[in-house]
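When a ligand or atom number is given, it counts from 1 through the structure's own listing order. Throughout, numbering of the chain's residues begins at 1 and tracks the sequence.
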Amino acid sequence: MPRKARKRPTAVKQEVENIYCVNCGAIIDEYSGVLASPDWYADTRFVHYCRACQQRQFEDFAETMGPAMAFILCCASYNLPFIPEAVPRTAYEDESREMNWLAYLQNLEITDYRYRRDGEPASFVEGITDLSVIFGDNFQKDTRFATGIAMDKAASRAPGTRAQRKNWGTQDKWTDEDYKELDRIYAIISSERAKAGMDEQTEFTLREICKLQLAYDRARAAGKYDVAKKIYDITSKMMENNSMRKKDENSQTEAPKLDNFIAKFEKAGYVQNGKILPYDVLLRKLRGDHAKYPMSHDYLDFIIREILNCMRENMGMGKTSVLPAGFQMKPKCGEFEPTMSAAEKKTTRDLKLPPMQYEPKPPRGTKQSKGD
Ligand SMILES: [Zn+2]
C-alpha cells in the first residue's frame with residue numbers, strides 16, 4: 001500500500017498551557033502522551049491519560065473483559081481507531097499483557113490509518129466499529145443484552161472474590177469454600193517463606209502446591225486413597241524439585257561451619273591433628289601446591305604456536321614454524337608432563353604440524369620479541 005504523504009499536526013495550538021494525565025498527574029507531551037483526534041480532544045489534543053496509565057487501564061480491562069474487548073474499549077475511550085492489523089500478535093498471551101497496549105500504539109503509528117488525509121489523528125469511528133465484523137456473526141448491531149441479567153445474579157455466578165479468582169484461577173470450578181481453603185493452606189505454607197521474601201516463581205510453585213493439597217484433601221475425604229497417593233507423590237516431587245522440603249531446606253541454608261574448613265584443610269595436609277601447621281612449614285606447603293595438567297610442555301608449545309599462527313593469518317601474514325622467544329615458557333613447578341605422550345605425538349602428526357623450532361632466546365637484559 002503506498003504511503004500517503006502525511007502532514008503532522010502542530011502538536012498543540014497553545015490554548016491550553018500544560019496538559020496533565022488525569023490519573024497520575026504527569027505532564028503529557030508527544031513522548032509521554034498520545035496525540036488524539038480533534039473530535040473529543042479539541043483543545044487539549046492529547047488523550048487524557050499518559051501512555052503508562054493507558055497501558056495500566058488496558059490491563060485492567062483485559063483482566064475483567066478479556067484482551068480482545070480491552071483493545072476495543074481502549075480505542076473507544078481514547079478516541080483512537082481500532083485497526084486489527086495493529087493488534088500485536090501476542091494479543092491473547094497473558095505474559096505480554098504488560099506491553100500490549102503500547103505495542104498497539106506503536107503498530108498503529110506505522111499503519112496508514114493513524115492519521116487522516118488532513119494530517120489530524122484518526123478517531124475511533126474511522127477504525128472498524130462494526131462488532132459483527134470484529135467478533136464474527138455472534139455479535140450483531142442489534143444484539144441485545146441477555147434477558148434477566150442483573151448485578152446480583154452476575155456477581156453470584158462467579159464464586160470467590162475477584163482477588164481469589166486472580167490468585168487461584170478459575171479452571172478447577174472451585175466453590176467459595178474451596179477458595180477459602182486455598183487461602184488458608186497458602187497462609188500456612190507460605191508464612192515461613194514470606195518472612196525471607198519470595199520471588200514470583202516461588203509464589204507460583206507454592207500456589208500450585210496448595211491446589212494439589214486441596215485436591216489431595218478432596219480425594220482422601222471421598223475415600224479415593226489411590227488418587228490421594230498419586231497426588232501426594234506429585235506434590236512431593238514438586239517440592240523436591242523446588243527444594244522445598246524441610247530436609248532440602250536445611251542442607252541448603254546450612255551455614256559453613258569452621259569444622260568443615262578444618263576437615264578440608266586436614267585432608268589437604270595443612271592441618272594435622274586439628275592444628276594448623278607452623279607458618280614456615282605451611283608456606284612451603286602452599287607454595288608447592290600446584291596444579292598438575294595431563295599435558296606435556298612440548299605439546300603446550302605446539303598449541304601456543306598454532307594460536308599465534310592463527311593470529312598471523314588473520315593479519316595477512318604467513319604461518320611460521322618458529323615459536324618466538326617471548327612465548328617460550330619455562331615450566332616452574334612441574335605442572336606439565338616432561339615428555340609428549342603417544343596420543344599427543346599422533347595429534348601433531350595428524351594435523352601435519354611442522355616440527356617445532358625455537359627462536360633463540362636473547363641474552364638476559366635485552367628485550368624479548370613478541371611474535372614476529
Ligand atoms: Zn498517567
Quiz item: What is the number of protein N, O or S atoms that sit under 2.8 Å away from the Zn ion (ligand 1)?
Solution: 4

Exercise. List for me each residue that meets side chain to side chain contact (heavy atoms under 4.5 Å, CB included) alongside A68, sequence neighbours excluded, and say none if there are none.
Key: Y92, F135

Quiz item: Cation over ring, R165 on Y179, under 6.0 Å and within 45°?
Solution: no

Exercise. Pick out which of K229, K237, K230 makes a salt bridge (charged side-chain N to carboxylate O under 4.0 Å, His left out) with D233.
Key: K229

Quiz item: Mind checking whether W101 and Y78 have ring centres under 6.0 Å apart?
Solution: yes

Quiz item: Taking the six-membered ring for Trp, is the centroid-to-centroid distance between F71 and F58 below 6.0 Å?
Solution: yes

Quiz item: Do the side chain of N18 and the main chain of I27 share a donor and acceptor less than 3.5 angstrom apart?
Solution: no

